Amino acid sequence: MPGREFAFDPPERFVAGTVGQPGQRTFYLQASGSGRTVSVSLEKLQVSALAERLDELLDEVRRRHGSDSTVPAVAPAQLEDVAPLDAPIDDEFRVGTLALAWDEDDGLVIIEAQSLVEEEGESEAPSDAETNADMLRVRLSPAVARAFAKRALRVVAAGRPPCPLCGNPLDPEGHICPRQNGHLHAG
């Protein structure tokens with residue numbers, strides 16, 4: 001059975017956000033437009049990697065196009081989105097794979113989030129034209145993509161502070177630190 005595709009070209013809103021307290025947060029990508037909202041869950045590291053790679057992609061496009069580039073160096077202040085995720089948050093799927101591309105013809109960023117696909121025994125792999133995975137695809141202007149990356153990095157950073165010794169997240173009561181041979185480090 002082919003997967004579902006949720007396409008937004010462009011979305012009215014595309015953001016990363018969380019639900020829950022630091023240490024217990026669930027991360028989401030949420031796209032809205034044409035009266036519908038789609039939310040997909042993913043890992044904190046996926047959000048961080050997406051935002052970092054997005055900034056790198058936009059920097060590379062700016063470098064290649066020089067003074068002709070339409071890519072802003074930083075996120076425009078008027079595009080900053082600090083609002084919470086839109087409720088209700090109904091998770092359509094859990095993201096397994098993220099893809100990022102630059103559409104040179106249209107001057108847009110393409111972000112694809114594909115669901116985890118459960119392997120079923122020894123069956124044949126689906127062809128390129130058919131997959132069982134669900135897909136969220138958004139096409140963003142460079143300015144909106146910069147604003148998305150800025151917010152995503154801020155959302156990731158809003159969690160638990162890192163341990164100064166090992167970099168792992170610190171809980172309020174500390175954590176078992178590998179740099180202290182498994183002893184509790186209270187930050």
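Residue numbers run from 1 in the order of the sequence given. The shown structure was predicted, so the numbers you read here are calculated from the model rather than taken from an experiment.
Val61 is connected to Val144 through a chain of hydrophobic side-chain contacts under 4.5 Å among Ile, Leu, Val, Met, Phe, Trp and Tyr, so both are in one cluster. Residues Met135 and Leu50 do not share a hydrophobic cluster, clusters being chains of Ile/Leu/Val/Met/Phe/Trp/Tyr side chains in contact below 4.5 Å. When hydrophobic clusters are built by joining Ile, Leu, Val, Met, Phe, Trp and Tyr residues whose side-chain heavy atoms come closer than 4.5 Å, directly or via intermediates, Phe6 is not grouped with Val117. Tracing side-chain contacts under 4.5 Å through hydrophobic residues (I, L, V, M, F, W, Y), one never reaches Leu79 starting from Val15; they form parts of separate clusters.
Closest of all the heavy-atom pairs between Ile89 and Gln30 is CG1-NE2, 4.1 Å. A pairwise comparison of heavy atoms in Ala152 and Ala51 identifies CB-CB, 3.8 Å as the closest pair. Scanning both residues, Leu116 and Gly96, for their nearest heavy atoms gives CD2-CA, 3.4 Å. The nearest pair of heavy atoms linking Ala16 to Val47 is CB-CG1, 4.0 Å. Between Ser115 and Ala133, the closest heavy-atom pair is OG-CA, 3.4 Å. Closest approach of Thr18 to Leu85, counting heavy atoms only: N-CD1, 3.9 Å.
Under the side-chain contact (heavy atoms from CB on, under 4.5 Å) criterion, Pro10 pairs with no residue at all, not counting sequence neighbours. Taking Val82 as the reference, Glu80, Arg154 meet the side-chain contact (heavy atoms from CB on, under 4.5 Å) condition, with sequence neighbours excluded. In this view, Glu104 and His65, Trp102 satisfy the side-chain contact (heavy atoms from CB on, under 4.5 Å) rule, not counting sequence neighbours. Taking the side-chain contact (heavy atoms from CB on, under 4.5 Å) definition, one finds that Pro84 meets it with nothing, sequence neighbours left out. The salt bridge (charged side-chain N to carboxylate O under 4.0 Å, His left out) test applied to Asp90 returns no partner, not counting sequence neighbours. For Arg64, the salt bridge (charged side-chain N to carboxylate O under 4.0 Å, His left out) partners are Glu60, not counting sequence neighbours. Annotation: salt bridge (charged side-chain N to carboxylate O under 4.0 Å, His left out) contacts of Arg62 (sequence neighbours excluded): none.
Annotation: ring pair (Phe, Tyr, Trp, His ring centres under 6.0 Å) contacts involving residues 9-39, sequence neighbours excluded, comprise Phe14-Phe148. Residue pairs meeting the salt bridge (charged side-chain N to carboxylate O under 4.0 Å, His left out) criterion with at least one member in residues 11-24, sequence neighbours excluded: Arg13-Asp81, Arg13-Asp86. Evaluation of the salt bridge (charged side-chain N to carboxylate O under 4.0 Å, His left out) test over residues 21-45, restricted to residues two or more places apart or in two chains, returns Glu43-Arg94. Evaluation of the ring pair (Phe, Tyr, Trp, His ring centres under 6.0 Å) test over residues 76-100, restricted to residues two or more places apart or in two chains, returns none.
The pair Arg139-Asp106 counts as a salt bridge, with a side-chain nitrogen and a carboxylate oxygen less than 4.0 angstrom apart.
Through direct or relayed side-chain contacts under 4.5 Å between Ile, Leu, Val, Met, Phe, Trp and Tyr, Leu108 connects to no other residue.
Looking at Val138 and Ile110, their side chains never come closer than 4.5 Å, going by heavy atoms from C-beta outward. Annotation: side chain of Phe8 is in contact with side chain of Leu136 (closest heavy-atom distance under 4.5 Å). Using a 4.5 Å heavy-atom cutoff, the side chains of Leu29 and Leu98 are in contact. With a 4.5 Å cut-off on side-chain heavy atoms, Arg151 and Leu153 do not count as touching. Pro11 is listed as a side-chain neighbour of Leu140, based on a closest heavy-atom distance under 4.5 Å. The side-chain heavy atoms of Leu54 and Ile111, taken from C-beta on, include a pair separated by under 4.5 Å. The shortest side-chain heavy-atom distance between Glu5 and Asp134 does not fall under the 4.5 Å cut-off.
Summarising the geometry, atom CZ belonging to Arg63 is positioned 13.5 Å from atom CG belonging to Leu58; distances are rounded to the nearest 0.5 Å.
Counting heavy atoms of neighbouring residues, nucleotides and ligands inside a 6.0 Å radius, atom CD of Gln24 does not exceed 12 of them.
Between the side chain of Arg146 and the backbone N or O of Pro76, no donor-acceptor pair lies under 3.5 Å. Remark: side-chain polar atoms of Arg53 are not paired, donor with acceptor, to backbone N or O of Ser48 under 3.5 angstrom.
Between Ser39 and Asp91, the side chains place no donor N or O within less than 3.5 Å of an acceptor N or O (distance only, hydrogens not considered).
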